[in-house]
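Numbered from 1 within each chain, the chains take letters A, B, ... in sequence-line order. Note that the structure is a prediction, hence the values are computed from the model and not measured.
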Number of protein chains: 2
Amino acid sequence: MTASPRRRVTLTDIAKACELSRATVSLVLRGSPLVHADTRARVEAELKRQGYVYHRGAANLRRNVSSAVALVINDLSNPFFAEFASGVDEALAEAGYVTLLGSTGESVERQQAVLASLLEHDPAGIILSPAEGSDAARLHALVGPRTPVLVFNRELDAGWDFLELDNHHGARLATEHLLGLGHRRIAFYGGHRDSSSCRQRRAGYREALAQAGITPEPQWLVESAPTRLEAARQVGALFVRDPAPTAAVCYNDAVALGLVAGLTARGRRAGHDFAVVGFDDIPEAAVSAPPLTTIAADPRARGRQAAALVLQRLQHPDAAPARTVAPARLMVRDSSGHALTPGAPR
Amino acid sequence: MTASPRRRVTLTDIAKACELSRATVSLVLRGSPLVHADTRARVEAELKRQGYVYHRGAANLRRNVSSAVALVINDLSNPFFAEFASGVDEALAEAGYVTLLGSTGESVERQQAVLASLLEHDPAGIILSPAEGSDAARLHALVGPRTPVLVFNRELDAGWDFLELDNHHGARLATEHLLGLGHRRIAFYGGHRDSSSCRQRRAGYREALAQAGITPEPQWLVESAPTRLEAARQVGALFVRDPAPTAAVCYNDAVALGLVAGLTARGRRAGHDFAVVGFDDIPEAAVSAPPLTTIAADPRARGRQAAALVLQRLQHPDAAPARTVAPARLMVRDSSGHALTPGAPR
DNA sequence: CTGAAAGCGCTTACAG
DNA sequence: CTGAAAGCGCTTACAG
């Protein structure tokens with residue numbers, strides 16, 4: 001580790017110093033059993049002495065392989081995606097891959113630009129959580145047939161592998177939980193109707209209500225951007241007319257926490273006079289006040305799963321596209337409160 | 001965009017199809033004005049027709065440049081780092097660089113491994129938020145003299161650029177705010193004594209207290225892992241003996257939110273009978289219940305700044321290492337409550 | 001304005 | 001067990 005000059009130390013430098021060919025040094029690097037033990041030791045000492053750093057890009061170019069996987073998500077400041085990215089990166093690192101990060105900020109145009117840029121770095125595969133409004137054909141034309149894509153979270157009809165959360169079933173579980181506690185006027189709060197995950201969650205909610213003989217009223221369906229702040233701002237919409245809902249299934253936890261905050265600001269208490277269920281089980285859900293009843297999606301585990309699926313696809317490029325459904329689990333905490341006492345809020 | 005075979009389309013393919021040399025096609029790609037307009041048009045049509053994707057790795061190898069920057073952080077599931085990473089990625093993408101992600105999970109050993117792996121991908125520079133207990137000499141030996149490093153958040157005596165938060169001043173601001181509200185028994189809550197950012201924040205806290213003629217008692221100094229959950233568990237330590245503190249400066253927002261939750265669990269209300277100030281201003285701070293008074297570090301802006309600093313270093317490899325201090329700003333919200341009424345909680 | 005040639009740092013049959 | 005040679009996909013002086 002001499003305080004060497006700026007020039008990169010290459011295989012050729014090591015070969016020269018050891019009076020060997022580059023081929024032999026390369027064999028040492030790749031751990032070939034062909035090399036004589038003494039030669040190996042000499043080379044390894046010299047590698048260390050000169051502070052050699054393997055140039056994986058050059059090797060990959062020659063071998064026609066890639067050791068990178070691109071991860072394209074909406075935005076890391078959404079904790080769900082941060083956890084997801086964390087899981088992806090962890091699993092990829094374990095498998096010897098490096099993660100190339102890209103954020104779309106939920107913009108279809110930025111998504112095209114980001115993908116185009118990442119593709120130039122020759123990723124072995126892509127994990128893509130599509131921006132809202134993505135056009136499958138356009139994406140497919142951009143990515144081409146050589147790079148496998150694992151789509152996460154939002155369906156995309158592009159013939160790629162798909163890892164989906166069980167949105168429908170999760171929302172059913174949430175709604176049935178509230179019905180079981182005696183609620184009859186249950187809102188579906190937050191999210192945009194045109195997002196596929198939101199549509200699926202609403203469908204599960206409607207199905208559970210229908211089975212209980214209930215048709216949701218317009219006032220029970222409140223849209224909002226899927227952020228805490230926006231959700232907090234919309235709370236008034238639930239209470240414009242009596243009788244107002246007594247409970248809400250929320251599009252996600254961010255929205256649920258916003259709803260809780262908005263209720264507090266209006267002098268109501270989640271878990272006491274209004275029951276709230278979230279979706280995602282982000283880390284804050286367990287420690288918010290009150291702790292949030294929610295549907296666990298375990299984004300970190302989903303990240304690991306996405307990494308595993310894309311790596312598996314690299315082994316079997318010609319297998320049929322797979323659809324994987326990640327299970328949803330109800331986590332009961334305080335925000336959904338206790339059973340409604342008969343005759344309480346009518 | 002023909003549904004082409006699996007083989008990669010290269011410059012050579014385009015050159016052949018256009019009956020030109022690879023050199024000319026390369027000039028088209030790089031936008032050289034030398035090429036005749038007609039030739040350019042022909043080439044560009046063919047590039048599109050065959051779905052050509054530029055292989056930046058090969059070009060970089062030949063040109064001896066790199067278009068990647070490595071970002072090594074503790075963990076994306078910490079929202080502070082998620083925001084930071086988001087800002088880094090955004091600014092790097094704008095400058096035409098791609099972000100290589102690495103997480104240490106606060107382990108010095110994983111940090112060595114992650115860096116070694118990332119270095120093999122030949123990053124132009126590294127943005128490193130060092131794991132606790134990092135050894136500067138060991139890191140320097142690993143990275144070598146060729147790759148510039150921008151250290152973020154925790155000081156590291158390795159002769160690299162350093163972007164630091166103004167921890168000392170921030171904690172002073174927080175403490176003076178509480179003193180100004182009439183508090184005299186002010187705790188410093190959370191964090192580990194051996195982390196440099198924690199030491200600096202404590203020093204600012206002590207300095208402000210000293211200036212008010214106050215010496216902190218042992219009971220006022222509570223250590224905890226810097227997470228919400230751990231912080232919530234330690235709350236009892238503040239109240240083991242009377243008189244207990246009436247306010248706390250927290251190591252960071254995660255800890256502050258944990259403290260708020262712990263207080264609630266013990267029947268106390270942050271902002272009413274106990275004043276809480278956080279540090280970082282993570283997104284939740286503004287929307288928690290109660291909203292958190294805190295020191296804004298604006299991690300996304302810090303991320304952009306870190307990216308700018310490392311890119312600037314690439315232009316001036318031989319300039320002296322720079323230390324940049326990012327300003328701290330007090331954000332007053334509800335968790336620090338109103339002025340103590342004289343004679344209230346003694 | 002275009003082409004022939006060399007080379008970035010590595011690997012991999014193929015000889016010996 | 002080791003070496004000479006070709007080649008991955010690109011760029012860049014240098015000629016013409």
Can you tell me which residue pairs pass the salt bridge (Lys or Arg N to Asp or Glu O under 4.0 Å) test with a partner in residues 304-315 of chain A, sequence neighbours excluded? A/Glu90-A/Arg304, A/Glu94-A/Arg304, A/Asp161-A/Arg313

The side chain of B/Ala23 lies closest to which of these nucleotides: D/dT12, D/dG3, C/dT12? D/dT12

When the distance from CD of A/Glu19 to P of D/dG3 is rounded to whole Å, what number comes out? 10 Å

Would you kindly compare B/Thr24 and A/Thr10 by the position of their nearest DNA chain C nucleotide and give the one closer to the 5′ end? B/Thr24

Side-chain polar contacts of residues 117-125 of chain A - donor-acceptor pairs under 3.5 angstrom, sequence neighbours left out - could you list them?
{"from": "A/Glu120", "atom 1": "OE1", "to": "B/Arg56", "atom 2": "NE", "distance (Å)": "2.8"}
{"from": "A/Glu120", "atom 1": "OE1", "to": "B/Arg56", "atom 2": "NH2", "distance (Å)": "2.4"}
{"from": "A/His121", "atom 1": "ND1", "to": "A/Ser117", "atom 2": "O", "distance (Å)": "3.2"}
{"from": "A/His121", "atom 1": "NE2", "to": "B/Ser67", "atom 2": "OG", "distance (Å)": "3.0"}
{"from": "A/Asp122", "atom 1": "OD1", "to": "B/Arg8", "atom 2": "NH2", "distance (Å)": "3.0"}

Under the ring-ring contact (aromatic ring centres under 6.0 Å, His included) definition, can you give me all pairs with a residue in residues 69-91 of chain A, not counting sequence neighbours? A/Phe84-A/Phe152

Just jot down the side chain to side chain donor-acceptor pair (under 3.5 Å) partners of A/Ser86, sequence neighbours excluded, or say none. A/Arg300, B/Asp75

Regarding A/Arg30, tell me which of base, sugar-phosphate or nothing describes its non-hydrogen contacts under 4.0 Å with the strands shown. sugar-phosphate

Taking CD1 from A/Ile14 and P from C/dG9, how many angstroms apart are they, rounded to a whole number? 13 Å

Sequence neighbours left out, what passes side-chain contact (heavy atoms from CB on, under 4.5 Å) with B/Ala95? Give chain and number order. B/Tyr97, B/Leu311

Show me the protein contacts with nucleotides 14-16 of chain C, counting only N or O atoms at under 3.5 Å.
none

Atom CG of B/Leu11 to atom C1' of C/dT2: distance rounded to whole Å? 15 Å

Sequence neighbours left out, cut at 3.5 Å: what donor-acceptor pairs do the side chains of residues 33-40 of chain A make with other protein atoms?
{"from": "A/His36", "atom 1": "ND1", "to": "A/Asp38", "atom 2": "N", "distance (Å)": "3.0"}
{"from": "A/Arg40", "atom 1": "NH2", "to": "A/Ser32", "atom 2": "O", "distance (Å)": "2.4"}

Closest-nucleotide ordering on DNA chain D, the 5'-leading residue of B/Leu61 and B/Leu27: B/Leu61

Side-chain contact, heavy-atom cut-off 4.5 Å: B/Val72 with B/Ile127? no

Between B/Arg42 and B/Glu19, is there a side-chain N and carboxylate O pair less than 4.0 Å apart? no

Please identify each residue that fulfils side-chain contact (heavy atoms from CB on, under 4.5 Å) with A/Ala136, with sequence neighbours left out. A/Leu156, A/Ala158

Has B/Arg63 got a side-chain N or O lying under 4.0 Å from the OP1 or OP2 atom of D/dT12? yes

Starting at the 5' end of DNA chain C, what dot-bracket string do you get if Watson-Crick and G-U pairs under 3.5 Å are bracketed, crossing pairs use [ ], other-strand pairs use | and unpaired bases use dots? |||.||||||||.|||

When you measure from the side chain of B/Leu20, which nucleotide among C/dG3, C/dT11, C/dG9 comes out closest? C/dG3

Only counting residues at least two apart or in another chain, list the ones meeting side-chain contact (heavy atoms from CB on, under 4.5 Å) with A/Asp157. none

Hey, does B/Ala59 reach any base, or is it just sugar-phosphate, or nothing, if we go heavy atoms under 4.0 Å? sugar-phosphate

Listing request: all salt bridge (Lys or Arg N to Asp or Glu O under 4.0 Å) pairs with a residue in residues 314-326 of chain A, at least two apart in sequence or in separate chains. A/Glu155-A/Arg323, A/Glu164-A/Arg323, A/Asp318-B/Arg6

Any residue in residues 33-47 of chain A with a heavy atom nearer than 4.0 angstrom to DNA chain D? Just list them by number, or reply none. A/Leu34, A/Val35, A/His36, A/Thr39

Please state whether the phosphate of D/dT11, meaning OP1 or OP2, lies under 4.0 angstrom from any side-chain nitrogen or oxygen of B/Ser26. yes

